[in-house]
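The structure appears below as structure tokens.
Atoms considered below: every heavy atom in the structure, side chains included; atoms not considered: hydrogens, waters and symmetry mates. The shown structure was predicted, so the numbers you read here are calculated from the model rather than taken from an experiment. When a residue number appears, it is its place in the shown sequence, counting from 1.
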Amino acid sequence: MRLVKAFIVLCATGALHVQAASLPKLHIKQDETSVSGLSSGAYMAVQFHVANSSFVKGAGVVAGGPYFCAQDSQDTATTICSCTGLMTCRPEQAAPSVPSLVQLTNQRAGQHAIDPTSNLATSRVWLFAGNADNVVPPPVMQALESYYRNYVPSTNLFFEASIPAQHAMPTESFGNPCSFRGDPFINDCDFDGAGKLLQWIYGSLNPKNTGSLSGQLQSFDQGEFIANPTANGMSSNGWVYVPAFCEQNHGCRLHVVFHGCKQYPDAPLASGPGGKFGDTFARHSGYNAWADANNIVVLYPQANAMNTGTRLPRANPNGCWDWWGYGDANYSVKSGRQMAAVALMVDRLAGKDTTGPAAYCGKDTVAKHVSAGRASSLFFWWYFATGSGDYLGMDAGAEATLQEVSSGVFKKVNTCPPPV
């Protein structure tokens, strides 16, 4: 079965919001799934790997940090886990938090919020810290290495820190000079980052395809996996590269790639289609040529900018993945909305039913609704239902009945409807 092509029209105005096809069922080998990412995408890759280690066999991390590094704080995210805030940056403080992050990881695994950490013992992890990176400086990546060493054997862990790269995806020949910081955050470092990480995760691979690729980069509708994507920090459409072999045959591998901030489809980019970023990262970050020669499907889920987060007053103006809690109390566990959406995409590509779990309806304390991600707080004393924004009062101990009316959208109701 050949993928049905999405009808794409890039008119004179450069509009990128186009009708997209459904993500196909390809029957990939789910336990051969791996992830990688850059910057906020690197943090998302770590989150996804740690939370879903039952089927994610490895990770490639370019300019990221430890799991739950931000600890639900935008200030920590921008002053310790990265140097993106207005305050003095203290990346050396990332390492001292590692023991507490390991303890929290173990606690969450015990609560079944993430998969058992024992799965990580067989993972393959590739880390890259550009030694000229002043956005996520090397000490943050060193903290990530320290974190992973609690779970991953040293023989399965590789840390590349010798390349004079700025904050960007390093490639063999595409992008700005290696020391440049700026759009499109893809730099020509004479270093094939995508190829290096895929070979570390999967072992010996065929040489990448240096000619015309057999497959096509396809747009797909992310709204099938998360209700109202743009209200949850995700773009309407994502991208997937499917080698021709994988369109016709079962058992291909899957690699999931999370882009960085300012690399979402509608991000401004003078050299992009219509002056927008579009598929620049998916097309030029270096993965597809390796995937084509080695029967690997590459999934590129897409984040989106948000002027205000559902957990006001937080915002996400640069289209980052949620790794500090701008939109979801459960952002770093399996039930997080972005996390669950990507997991459903993996399920679809594996040929599974992706209708999702039964919609929730029940009565509980506001505090427990918040803990489960069904509600959120503003300034820690006003409470609102997730998605709908229904006001739940100021008492975390009060009870409220919430009904999930669509994926991730909860409304306050008087009683739950009887089961059908």
Side-chain angles (χ1 to χ4, degrees), residues 36-47 61-98 101 127-145 147 161 164-170 175-176 178-187 193 233-235 258-264 266-269 277 280-281 285 302-328 331-332 338:
S36 66
L38 164 68
S39 193
S40 77
Y43 276 104
M44 186 67 174
V46 171
Q47 284 180 183
V61 186
V62 180
Y67 176 81
F68 204 60
C69 182
Q71 301 179 62
D72 205 24
S73 166
Q74 191 170 25
D75 287 341
T76 301
T78 57
T79 61
I80 294 177
C81 305
S82 70
C83 295
T84 53
L86 299 177
M87 300 174 64
T88 302
C89 191
R90 306 182 300 278
E92 69 281 354
Q93 292 189 13
S97 68
V98 167
L101 299 180
L127 308 177
F128 180 92
N131 61 35
D133 191 332
N134 58 11
V135 178
V136 179
V140 183
M141 283 292 294
Q142 290 162 5
L144 174 59
E145 181 188 29
Y147 171 86
Q166 243 295 357
H167 190 70
M169 180 69 191
N176 294 307
C178 197
S179 61
F180 181 83
R181 173 179 167 180
D183 286 338
F185 299 98
I186 304 172
N187 284 0
M234 292 183 69
S235 176
F258 297 100
H259 62 76
C261 302
K262 298 183 179 181
Q263 293 180 318
Y264 63 99
D266 278 340
L269 181 65
F277 208 90
T280 300
F281 188 80
S285 50
Q302 299 291 296
N304 197 64
M306 295 171 63
N307 291 326
T308 56
T310 55
R311 304 176 73 200
L312 295 172
R314 305 180 185 199
N316 177 37
N318 294 322
C320 306
W321 289 100
D322 194 353
W323 62 277
W324 70 88
Y326 65 71
D328 183 1
Y331 64 94
S332 60
Q338 291 183 357

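- A donor-acceptor pair under 3.5 Å is formed between the side chain of S82 and the backbone N or O of A77.
- Partners of P91 by side chain to side chain contact (heavy atoms under 4.5 Å, CB included), not counting sequence neighbours, listed by chain and number: C83, C89, P137, P139, V140.
- For the pair P170 and V62, the minimum side-chain heavy-atom distance is below 4.5 Å.
- Residues that satisfy the ring-ring contact (aromatic ring centres under 6.0 Å, His included) test with Y147, not counting sequence neighbours, are Y151.
- Annotation: side chain of Q263 is not in contact with side chain of L269 (no heavy-atom distance under 4.5 Å).
- Of all non-hydrogen atoms in V98 and P66, the two that sit nearest each other are CG2-CG, 4.4 Å.
- Annotation: side chain of D328 is not in contact with side chain of Q338 (no heavy-atom distance under 4.5 Å).
- In this structure a side-chain-to-backbone donor-acceptor pair under 3.5 Å is present from N187 to C178.
- The minimum heavy-atom distance between P138 and A129, with the atom names listed, is CA-CB, 4.2 Å.
- Residues F281 and P184 have side chains not in contact (no heavy-atom distance under 4.5 Å, counting atoms from C-beta outward).
- For N131, the side chain to side chain contact (heavy atoms under 4.5 Å, CB included) criterion is met by P164, not counting sequence neighbours.
- Contact record, A45 with G37: CB-N, 3.9 Å, taken as the closest heavy-atom pair.
- Evaluation of the side chain to side chain contact (heavy atoms under 4.5 Å, CB included) rule for E145 yields L127, R149, L157, F159 as partners, not counting sequence neighbours.
- With a 4.5 Å cut-off on side-chain heavy atoms, Q93 and T79 do not count as touching.
- Distance CG/N318 to OG/S39: 9.5 Å, rounded to 0.5 Å.
- Distance check, rounded to the nearest 0.5 Å: CD of Q47 to OG of S40 gives 10.0 Å.
- In terms of the side-chain hydrogen bond (donor to acceptor under 3.5 Å, both in side chains) criterion, D75 has no residue partners (sequence neighbours excluded).
- Residues that satisfy the side chain to side chain contact (heavy atoms under 4.5 Å, CB included) test with A303, not counting sequence neighbours, are H259, W321.
- Side-chain contact between N316 and D322 is absent, with no heavy atoms from C-beta onward closer than 4.5 Å.
- With Y43 as reference, W323 is the one residue of W323, Y67, F68, F258 to meet the side-chain contact (heavy atoms from CB on, under 4.5 Å) rule.
- Side chain of Y326 to main chain of C320: a donor-acceptor pair is present (N/O by atom type, distance under 3.5 Å, no hydrogens or angles).
- A donor-acceptor distance shorter than 3.5 angstrom exists from the side chain of N176 to the backbone of D183, with no hydrogens or angles considered.
- Between atom CZ of residue R90 and atom SG of residue C81 there is a gap of 10.5 Å, rounded to the nearest 0.5 Å.
- Atom OG of S285 and atom CG of L38 lie 9.5 Å apart (nearest 0.5 Å).
- No side-chain donor-acceptor contact under 3.5 Å links Q302 to the backbone of Y264.
- W324 places none of its side-chain heavy atoms less than 4.5 Å from the side chain of T76.
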